[in-house]
Each structure stands twice: as structure tokens, then as C-alpha cells.
Amino acid sequence: MRYEAPTTTKDAVTLLAKAKGPAFVLAGGSDLLVRMKGGFVEPELVVDIKRIPAMQAIKKTATGFRIGAAVPCAAMGEDAALRKTWPGVVEAANLIGSDQIQSRCTVAGNLCNASPAADSVPALVAAGAKAAIVGPKGRRTIPVEKVVSGPGKTTLGKGEVVEAITLPVPKAKTGDAYLRFIPRTEMDIAVCSAGVCMTLGKGGVIESARVVLGAVAPTVLLVAAAAQAIVGTKLDDAALAALAKACEAACAPIDDKRGTVEFRTEVAGVLAKRAAKIAYQRAGG
Ligand SMILES: Cc1cc2nc3c(=O)[nH]c(=O)nc-3n(C[C@H](O)[C@H](O)[C@H](O)COP(=O)(O)OP(=O)(O)OC[C@H]3O[C@@H](n4cnc5c(N)ncnc54)[C@H](O)[C@@H]3O)c2cc1C
């Protein structure tokens with residue numbers, strides 16, 4: 001196996017594009033190394049992106065935040081401006097693993113690993129995050145929900161690397177939140193999860209919303225019907241009930257020892273309601 005640690009995105013892309021055998025980006029390694037040690041993947045080439053300056057920082061820009069693909073999740077929690085603007089995204093990123101994992105793992109890695117249960121992804125999708133991708137044919141930026149195509153599968157082409165995750169400047173009176181269910185208090189993978197982002201208009205009426213479920217389908221679900229159920233309301237009990245019903249209807253989970261179809265479906269609705277209440281409060285409602 002060849003290990004390379006380039007210092008530019010262009011060099012990383014060239015290395016990956018030219019690789020003849022299996023080639024992997026190494027960010028925090030908290031998924032990749034586990035898979036390598038378990039013998040599930042045998043890379044011919046590993047390209048470490050942590051020495052690339054364009055991927056190392058969180059930047060506040062005129063259009064929002066740019067989170068470099070090598071930024072560890074712990075650094076997101078330490079960024080006061082990011083925490084204040086997108087608390088749901090930060091709380092999701094900071095739920096991943098332990099302190100040790102936090103100091104290595106990245107949200108770009110969480111996304112590109114393409115687990116349906118990835119914690120940061122529902123929150124990123126709810127917030128309208130985008131992935132800035134660089135590849136042999138140039139740059140492209142796509143919504144985060146377009147990156148994952150199925151469990152362990154992405155839409156990234158050969159040689160393509162996510163250079164950063166971007167978050168927009170939220171409209172006034174916007175709030176987001178993320179909740180997951182795990183059987184333990186920490187260090188577990190979500191049995192199901194929900195991310196909600198909403199913007200309020202006059203009198204605390206919800207003007208727009210994005211409701212996203214995790215671990216209840218092969219990819220995260222952006223549930224338009226759930227958002228429609230709460231837009232135009234002040235999140236009263238009837239709106240919350242309609243939200244939960246729409247979430248339950250959208251679920252298509254697997255049945256395994258960690259949660260049955262019925263359990264995951266019911267809890268998805270409950271989590272979406274709770275996350276919506278937190279997001280509403282954070283938006284100033
Ligand atoms: C003990 C433990 C606890 C964990 N707990 C959680 C948890 O609570 N919640 C959760 O969601 N996950 C959890 N995980 C999984 C893992 O930590 C996360 O998915 C993490 O965010 C992965 O990020 P990383 O930077 O370490 O990715 P890596 O392991 O470096 O990469 C993951 C995959 O994405 C690809 N990749 C990485 N970066 C890029 C990029 N910029 N462009 C293109 N491809 C890229 C890699 O090639 C690899 O296939 C846990 C793992 C461990 C070992």
C-alpha cells in the first residue's frame with residue numbers, strides 16, 4: 001500500500017485519478033482505518049488530506065461558513081460563531097464517537113463514508129449544506145443530499161475529493177436541531193435520527209422548514225411532506241401530529257437487532273417532533 005500526504009487539493013486529485021487499484025482519501029481515518037484493519041478494504045493508495053491548507057480551516061465568509069474537509073469535529077464545537085449560527089449542525093457533529101474520535105473525525109468523512117446512520121448528515125441536509133468537490137474535470141458544488149447514493153456508495157467520480165462543506169447564512173429567525181436515538185448514552189450508532197431547520201415569519205408562524213430523517217432508509221430522507229405539515233403553523237399540537245405522521249409515512253427502515261421496523265418508524269416521528277420544538281425555540285418562537 002502506498003501512503004501519500006499531498007499539500008494541495010490538485011495533487012490529491014491527480015494521485016487519486018491516476019491510481020490503478022483501490023484508492024481512498026484519508027481524513028480522520030475513524031471509518032477507513034477500522035475497515036482496513038477488519039480486512040474489508042485493501043487500498044493500493046491512501047491519500048491523506050490533512051496536510052492540505054485549503055482543507056484545514058473553518059472560515060466565515062460572506063455566503064456563510066466553509067468547513068474544510070480535514071477539520072476535526074472537535075474544532076467545530078470550539079468555533080463560537082459556527083455554534084451560534086448552526087447549533088444543530090454542531091451538536092450532530094459533536095455526537096460522533098468519543099473525545100478521541102472527535103479530535104480526528106470530520107463531517108466530510110462522515111458524509112463520504114455513506115452510512116445511512118451518519119450523525120452529521122441529517123443536520124447538514126436540514127441546514128441546506130453543500131459539498132464543494134474537486135476532481136480531474138474541475139470543481140462542482142452540490143447539495144449534501146446528492147453525495148450519498150446508497151449504503152457505502154457515493155456519487156463521487158474517480159479522483160473526486162470533497163474539499164469543504166459549506167453552510168449558508170441563515171435568514172433571520174432561523175433555528176436548527178438534531179436528535180438521535182441510541183440504546184446507550186453515547187458511543188453508539190443511531191437507530192434513527194432527525195434533523196430539523198426552520199425559519200419563522202411574522203408572529204412566530206413557520207415560513208419554511210426542512211425535516212430530515214436518518215437511519216430509516218438507505219440514505220437520509222428529506223421529507224417534504226413533513227415540512228409542509230408545519231409550514232404556516234405555530235407548531236401547535238395538530239401540526240406536530242401531522243409532522244410525525246408524515247415522517248412515519250416516509251420511513252423505509254431495515255429490521256435488525258438494534259431496532260425493528262415498527263420501533264424505528266415510531267421513534268422517527270417522536271424525534272422529529274422533539275427536534276422541531278427545539279428548532280422552533282432556537283428560531284425565536
Ligand atoms: C469508536 C467509534 C465511534 C463512532 N461513533 C460514531 C457516531 O456516534 N456517529 C457517527 O455518525 N459515526 C461514528 N463513527 C464513525 C466515524 O467516526 C464517522 O463516520 C466520522 O465522521 C468519519 O470521519 P473521518 O474523517 O474519520 O473519515 P475517514 O475514515 O477518514 O473516511 C471515511 C470514508 O470517507 C472517505 N472520505 C473521507 N474524506 C473524504 C473527502 N474529503 N472526500 C472524499 N472522500 C472522503 C474515505 O475515503 C473513507 O471511505 C464512529 C467510529 C468509531 C471508530
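All ligand and atom numbering here is 1-based and tracks the order in the structure.
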Checking a contact table here: which protein heavy atom is nearest [atom], and how many Å away?
atom: atom 6 (C) of ligand 1; value: G97 N, 3.5 Å
atom: atom 28 (P) of ligand 1; value: G29 N, 3.4 Å
atom: atom 26 (O) of ligand 1; value: S30 OG, 2.6 Å
atom: atom 14 (N) of ligand 1; value: I96 CG2, 4.2 Å
atom: atom 37 (C) of ligand 1; value: G109 CA, 3.6 Å
atom: atom 24 (P) of ligand 1; value: G28 N, 3.5 Å

Examine the side chains of [X] and [Y] and answer whether a donor and an acceptor come within less than 3.5 Å of each other.
X: E163; Y: T9; result: yes
X: T233; Y: D236; result: no
X: S120; Y: N110; result: yes

Short N or O distance, [X] and ligand 1, threshold 3.5 Å exclusive:
X: R180; result: yes
X: A27; result: yes
X: L32; result: yes
X: E160; result: no
X: I49; result: no
X: V162; result: yes

inquiry  = Is D188 close enough to touch ligand 1? Criterion: a residue heavy atom under 4.0 Å from a ligand atom.
reply    =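 D188: in contact with ligand 1 (<4.0 Å).
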query = Does R35 have a heavy atom less than 4.0 Å from any atom of ligand 1?
reply = yes
Minimum non-hydrogen distance to [atom], winning option of [options]:
atom: atom 10 (C) of ligand 1; options: D119, V47, V46, T9; value: D119
atom: atom 52 (C) of ligand 1; options: I101, N94, N110; value: I101
atom: atom 36 (N) of ligand 1; options: P22, C112, A117, A118; value: C112
atom: atom 48 (C) of ligand 1; options: V25, T154, D31; value: V25

key: Contact bool for atom 50 (C) of ligand 1 (protein heavy atom, d < 4.0 Å)   = no
remark   = To the nearest 0.5 Å, atom OG1 of T174 lies from atom CE of M198 at 10.0 Å
note = Taking only non-hydrogen atoms of L95 and a 4.0 Å limit, the atoms of ligand 1 in range are 8 (O)
